[in-house]
There are 2 protein chains.
Amino acid sequence: MTVTLADVAARARVSPATVSRVLNGNYPVAASTRERVLRAVDDLDYVLNGPASSLAAATSDLIGILVNDIADPFFGIMAGAAQTEIGGPGDGSGRAGGEKLAIVCNTGGTPERELTYLTLLQRQRAAAVVLTGGAVEDPAHQAAVSAKLAKLADAGTRVVLCGRPPLADNTSVVAALAFDNRGGGRRLTEHLLSLGHRDIGYVAGPVERTTTRHRLEGHRDAMKAVGIVGDEDRLTVHGSYDRRSGYDATVELLRREPGITAVVAANDTVALGATAAIRDRGLRIPEDISVAGFDDLPFSVDVVPALTTVRLPLFEAGARAGRLATGKEAPPPGGIATIAAELMVRGSTAPPRG
Amino acid sequence: MTVTLADVAARARVSPATVSRVLNGNYPVAASTRERVLRAVDDLDYVLNGPASSLAAATSDLIGILVNDIADPFFGIMAGAAQTEIGGPGDGSGRAGGEKLAIVCNTGGTPERELTYLTLLQRQRAAAVVLTGGAVEDPAHQAAVSAKLAKLADAGTRVVLCGRPPLADNTSVVAALAFDNRGGGRRLTEHLLSLGHRDIGYVAGPVERTTTRHRLEGHRDAMKAVGIVGDEDRLTVHGSYDRRSGYDATVELLRREPGITAVVAANDTVALGATAAIRDRGLRIPEDISVAGFDDLPFSVDVVPALTTVRLPLFEAGARAGRLATGKEAPPPGGIATIAAELMVRGSTAPPRG
DNA sequence: TACCGCATAGAAAGCGCTTGCTACGGCTGT
DNA sequence: ACAGCCGTAGCAAGCGCTTTCTATGCGGTA
């Protein structure tokens, strides 16, 4: 039925062991023999049996990339970059070119699915796992994830965090690349304050997410620094990281306090929704209300007016995570690196009206 | 070192066979025995060895989803939807709940990587493969892909095409869900023509892509129908499916023919670039030039003016592909279904100036 | 010329799991 | 009361590959 190593061996008139060695290239094989084997492989159109090989070798070439929402370019960009670094050239042949298979797993942001995928990856004896994006802050879940990661690390899987804060016990992790969400959030709000805004609404992401909390904290730090306190809760509305949620939250914000002169959104997608809500209300941006986002996704420069936001080097971070996962790059000292966030001032923010 | 089935069996005082049967739940096991086994699994924190299991059972629970560009929401939305349908509830335990692992593979739109991933998936004895997005039209490559898919199908892998035209020999495919790119393209241009436009530029996608060709053909069919012919090549510029390319192509288009009153873009992302190029030139949309896109990605309704485009039910299509891949849904008659594309008229298109 | 060592190939023992077949009680039917 | 079944559990044979250890043949050296 299916062609096996033994079939190839028979055709090349060598032992299965020799075929295996040719394919893996980690043992001296005479050139003439290799030639013969390779021809047999081609002739028979042989494809290695992955499970059998992983079983015997006790490792696999799978690298899992976990993302919260694959439809969100924030994750897509990081995952794509990581995959670019991981995937070898690839020649479509049956030969195993030391190649890794990067696969992305969509957790939908739910803790259960995150754990499920981690287990599944553990089952497959994955070579590495990259977790992207903010973590859920539920202690029980974090403990479960940490335990799982520790077990993976024990089994030889390289664990890399990308855009996610380090674990409490970061020893089972090769490297943690964390975005400076707090700093970015702070600088963004400082920018608004420097323009003269005082009544600033905040459309936050889902509660219990590290990303959400850090960005919000940065915002509040900036507000506190100039003595604006007391109204935080009223001027903050939580929602999910999507456009619809941004729209709804902004409507609510304007209901609570029609006098706000600026809206800071959890991310660019949410900012898009906020923009729509503000316009539907008949207000102009930035004349009546300034809007700012976070992430600097590709479309942000193209909306009108262009969105003031905080640029996160998603591609670079993803690529680095990919290299870390494959061991192409040495981990940063202590296994922890903070990635800077850069303020991008554009047309959607302006001084409030007189 | 690692816990094996035998360890669990020993602890539960049963044979390995019984443990296996409890875990797979496809053989009668007395309730009390099952109980005991499950407890042992928990106690030992046992995780099934995927490769071993796949080897013995000659199947795996992996389902591969191939996408051209994971950073593009067009693919992200389809992949996410498919994954939603495929992934079971999942409880994070070691139990195999008949669960499938949906993994997405980023081909970057290159034929080689597409083939490489197909081989890798074949290696892993994937349960199903979903190919999304347009195919490259190189005959050699198409033959190679068809051959690969036939082999996969032979080995029991369910092959589903989503947003991709059927193969010449579609028998190895469970189902092909194709978007009506040609019809959508035609209706979009008909809309522009009905507004009175006659000088329409077209920013096309990469050559040798089915999607590109079909959309372009729809456009040209509409032009031909009203007798506008002869200028096709001059008013068409090819590029890749990204913003940057849309910007550059539009600049080129305006250089070739400053008199155009409308630009049709290969997709919404490209339309974004086109919009920017037009504005940088000091022209207004839609007063001076109308712009239209394709796909109706989430941001399209939020740009200003909102983008006239052709809506593709990406989520629904992806979800259906997921169901088809898992066998939850019966294939359409003949294994082929065409998915309608709906024209969405919005603010970015208007009659040309007097 | 006899011996040793190196380069290369083969034999065979698993890797951890699934599953067809067999074995064993107790219960039913007559 | 005995044959025959059904419901369960175990045995053991692989699944296709990797890898350790062993065997072989050759060239070089004394």
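Chain naming here is simple, since letters A, B, ... match the order of the sequence lines and numbering starts at 1 in each.
- In this structure, CG of B/L5 is placed 14 Å from C1' of D/dG10, rounded to the nearest angstrom.
- Contact annotation for A/V14: backbone-only contact, meaning every heavy-atom pair under 4.0 Å involves sugar-phosphate atoms and none involves a base.
- With sequence neighbours excluded, the residues forming a side chain to side chain contact (heavy atoms under 4.5 Å, CB included) with B/V136 are B/P111, B/D138, B/H141, B/R209, listed by chain and number.
- At least one side-chain nitrogen or oxygen of B/S53 sits closer than 4.0 Å to the OP1 or OP2 atom of C/dT18.
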Report each atom pair, protein N/O against N/O of nucleotides 20-28 of chain C, whose distance is under 3.5 angstrom.
from: C/dG20; atom 1: O6; to: B/R21; atom 2: NH1; distance (Å): 3.1

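- Between B/N49 and A/R34, the one whose closest nucleotide on DNA chain C sits nearer the 5' end is A/R34.
- Salt bridge status for B/E114 with B/R164: present, with a side-chain N to carboxylate O gap under 4.0 Å.
- Taking a 6.0 Å sphere around CD of A/E35, one finds it holds 12 or fewer heavy atoms contributed by other residues, nucleotides or ligands.
- Remark: B/T33 is not in phosphate contact with D/dT8, judged by side-chain N or O atoms under 4.0 Å from OP1 or OP2.
- The nearest whole Å value for the distance from the CG atom in A/L55 to the P atom in D/dG14 is 17 Å.
- Put simply, CG on A/L23 is 13 Å from P on D/dT19, counting in whole angstrom units.
- No donor-acceptor pair under 3.5 Å is formed between the side chain of A/T33 and the backbone N or O of A/V29.
- Atom OH in A/Y46 sits about 7 Å away from atom C1' in D/dC17, given to the nearest Å.
- Take B/Q122 and apply the side-chain hydrogen bond (donor to acceptor under 3.5 Å, both in side chains) test, not counting sequence neighbours, and it matches B/K148.
- Listed pair B/T18 / D/dA9 fails the phosphate criterion, with no side-chain N or O lying under 4.0 Å from OP1 or OP2.
- Residues passing the salt bridge (Lys or Arg N to Asp or Glu O under 4.0 Å) test with A/D43, sequence neighbours excluded: A/R11.
- Using a 4.5 Å cut-off on side-chain heavy atoms (C-beta onward), A/Y117 and A/L115 make no contact.
- If you find the closest nucleotide of DNA chain D to B/S15 and to B/R125, the one lying nearer the 5' end belongs to B/S15.
- Note on A/N24: a side-chain N or O is less than 4.0 Å away from OP1 or OP2 of D/dT18.
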With 3.5 Å as the limit, what N/O pairs link the protein to nucleotides 4-6 of chain C?
none

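- Closest heavy-atom contact between B/I70 and A/G76: CG2-O, 3.3 Å.
- For the pair B/R13 and B/A56, nearest-nucleotide mapping onto DNA chain D gives the more 5' position to B/R13.
- In terms of phosphate contacts, A/S20 brings no side-chain nitrogen or oxygen within less than 4.0 Å of OP1 or OP2 of D/dC17.
- Listed by chain and number, the residues in a salt bridge (Lys or Arg N to Asp or Glu O under 4.0 Å) with B/R320 are B/E329 (sequence neighbours excluded).
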